[in-house]
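Only one structure is covered here, and it is reproduced in the block below.
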Amino acid sequence: MDSTASASLASLWDEVAGTQPDPDLWVVIATLAVALAVVVPHVLWRLSRNAITIAHEGGHGLVALLSGRTLTGIRLHSDTSGLTVSRGKPYGLGMILTAAAGYTAPPLLGLGGAALLAAGRITLLLWLATLLLVAMLVMIRNAYGALTVFVTGGTFVLISWFTGPQVQAAFAYVVVWFLLVGGVRPAFELQAKRARGGAGDSDADQLSRLTHVPAGLWLFLFHAVSLCSLIGGARWLLGA
């Protein structure tokens with residue numbers, strides 16, 4: 001019995017950690033087109049931005065935990081805004097890193113995903129994303145947020161378990177392209193809101209108060225991270 005279980009676990013690990021063949025170049029380009037199609041049009045972006053918010057708030061939560069803060073809850077709202085609450089000192093490096101993690105999380109996750117895809121780790125990427133979504137679901141504190149994360153995580157589970165390698169590869173590439181492309185737009189939206197006198201309590205403004213560095217420089221950092229991640233991720237994906 002034990003040997004059978006061990007063999008099954010070893011087989012499962014080999015499947016998850018093993019490499020899968022790269023899709024054809026036309027598939028990579030087609031998945032980029034799909035990602036652009038749900039990010040560029042405003043109507044579709046209002047819906048697809050929910051997934052970026054999941055990554056944004058998940059970034060806040062993960063870095064809060066890694067920096068020693070106590071994560072108390074995450075809320076996702078139907079207007080694609082979100083709120084992550086953690087306990088700890090309201091100043092210092094941990095708070096700064098936590099505040100900076102939101103806008104940088106989606107493009108950096110996309111860059112990490114692109115590295116995995118370039119290495120042929122399609123199944124590993126899907127499983128890691130599913131585990132992160134399950135962990136985040138535990139910390140969600142409102143019904144809309146729970147539904148959004150549950151549906152997103154359920155989609156990853158269905159694709160991972162009930163589709164073939166070609167569908168899994170196409171889905172993984174769409175997800176990574178979406179994080180890379182969709183990770184660029186929020187910083188520009190924040191910049192536009194601040195130019196109109198809005199978003200006075202944005203991540204950039206909170207970082208400005210914490211560090212005494214102008215919010216505009218933090219916005220520049222958000223732009224730099226997202227654009228560099230897009231360029232680097234695109235080179236990996238197209239090179240793969």
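When a residue number appears, it is its place in the shown sequence, counting from 1. Heavy atoms only: backbone and side chains are in, while hydrogens, waters and symmetry mates are out.
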For [X] versus [Y], what's the shortest heavy-atom pair and its separation?
X	Y	answer
Ser229	Pro107	CB-O, 3.5 Å
Ser226	Gly183	CB-O, 3.4 Å
Met95	Leu210	CG-CD1, 3.8 Å
Ser160	Thr130	OG-OG1, 4.5 Å
Ala204	Ala215	O-CB, 3.7 Å
Leu237	Val28	O-CG1, 3.8 Å

Has [X] got a side-chain atom pairing as donor or acceptor with [Y]'s backbone, closer than 3.5 angstrom?
X	Y	result
Glu57	Thr84	yes
Trp127	Val157	no
Asp24	Trp26	no
Thr163	Ile159	yes
Thr148	Tyr144	yes
Thr72	Val85	yes
Arg75	Gly145	no
Thr53	Thr80	yes
Asn142	Leu76	yes
His60	Thr98	yes

Reported [atom1]-to-[atom2] distance for the pair [X] and [Y], which is rounded to 0.5 angstrom:
X	Y	atom1	atom2	value
Leu207	Leu219	CG	CG	10.0 Å
Phe156	Leu128	CZ	CG	10.5 Å
Ile29	Trp177	CD1	CH2	9.0 Å
Thr152	Ile54	OG1	CD1	3.5 Å
Leu71	Met136	CG	CE	9.0 Å
Thr104	Leu111	OG1	CG	12.0 Å

Verify the cluster assignment for [X] and [Y]: are they in a single hydrophobic cluster under the rule of side-chain heavy atoms below 4.5 Å apart?
X	Y	result
Phe222	Ile231	no
Ile122	Val174	no
Leu125	Val34	no
Val181	Val27	no
Met139	Leu131	no

Does some side-chain heavy atom of [Y] sit less than 4.5 Å from a side-chain heavy atom of [X]?
X	Y	value
Ser208	Val213	no
Val176	Tyr173	no
Gln168	Gln20	no

Margin query: Is it the case that the side chains of Asp205 and Ser202 hold a donor-acceptor pair, with the cut-off being a distance below 3.5 Å and no angle test?
Written below: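 Their side chains do contain a donor-acceptor pair, which is all the 3.5 Å distance test asks for.
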Next item on the list: State whether a side-chain donor-acceptor pair under 3.5 Å links Ser86 with Arg69.
Entry: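 Present: a donor and an acceptor within the cut-off.
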Next item on the list: Step by step, work out the side-chain contact (heavy atoms from CB on, under 4.5 Å) result for Phe171 and Leu126.
Entry: CA-CA 9 Å; Phe171 178 75; Leu126 295 175; 3.7 Å; yes
Next item on the list: Go through the steps to decide whether His56 and Tyr103 satisfy the test ring pair (Phe, Tyr, Trp, His ring centres under 6.0 Å), and finish with yes or no.
Entry: CA-CA 6 Å; His56 179 115; Tyr103 280 92; 4.8 Å; yes
Next item on the list: Assess whether side-chain contact (heavy atoms from CB on, under 4.5 Å) is satisfied between Leu97 and Leu66, documenting all intermediate values.
Entry: CA-CA 10 Å; Leu97 292 175; Leu66 293 176; over 6 Å; no
Note to self: Under the criterion side-chain contact (heavy atoms from CB on, under 4.5 Å), I'd like the reasoning laid out for Leu25 against Leu238: C-alpha separation, chi angles, the key distance, then a yes or no.
What the structure shows: CA-CA 7 Å; Leu25 180 60; Leu238 294 172; 4.3 Å; yes
Item checked: Lys/Arg-Asp/Glu bridge criterion (N-O < 4.0 Å) met for Lys193, Glu189 ->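 Salt bridge absent between Lys193 and Glu189.
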Notebook entry, point to check: Does the pair Val40 and Trp45 meet the rule for a side-chain contact (heavy atoms from CB on, under 4.5 Å), with working shown?
Noted result: CA-CA 7 Å; Val40 175; Trp45 175 241; over 6 Å; no
Check: Just wondering, are more than 12 heavy atoms of other shown residues or ligands nearer than 6.0 Å to CZ in Arg209?
Finding: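 Enclosed.
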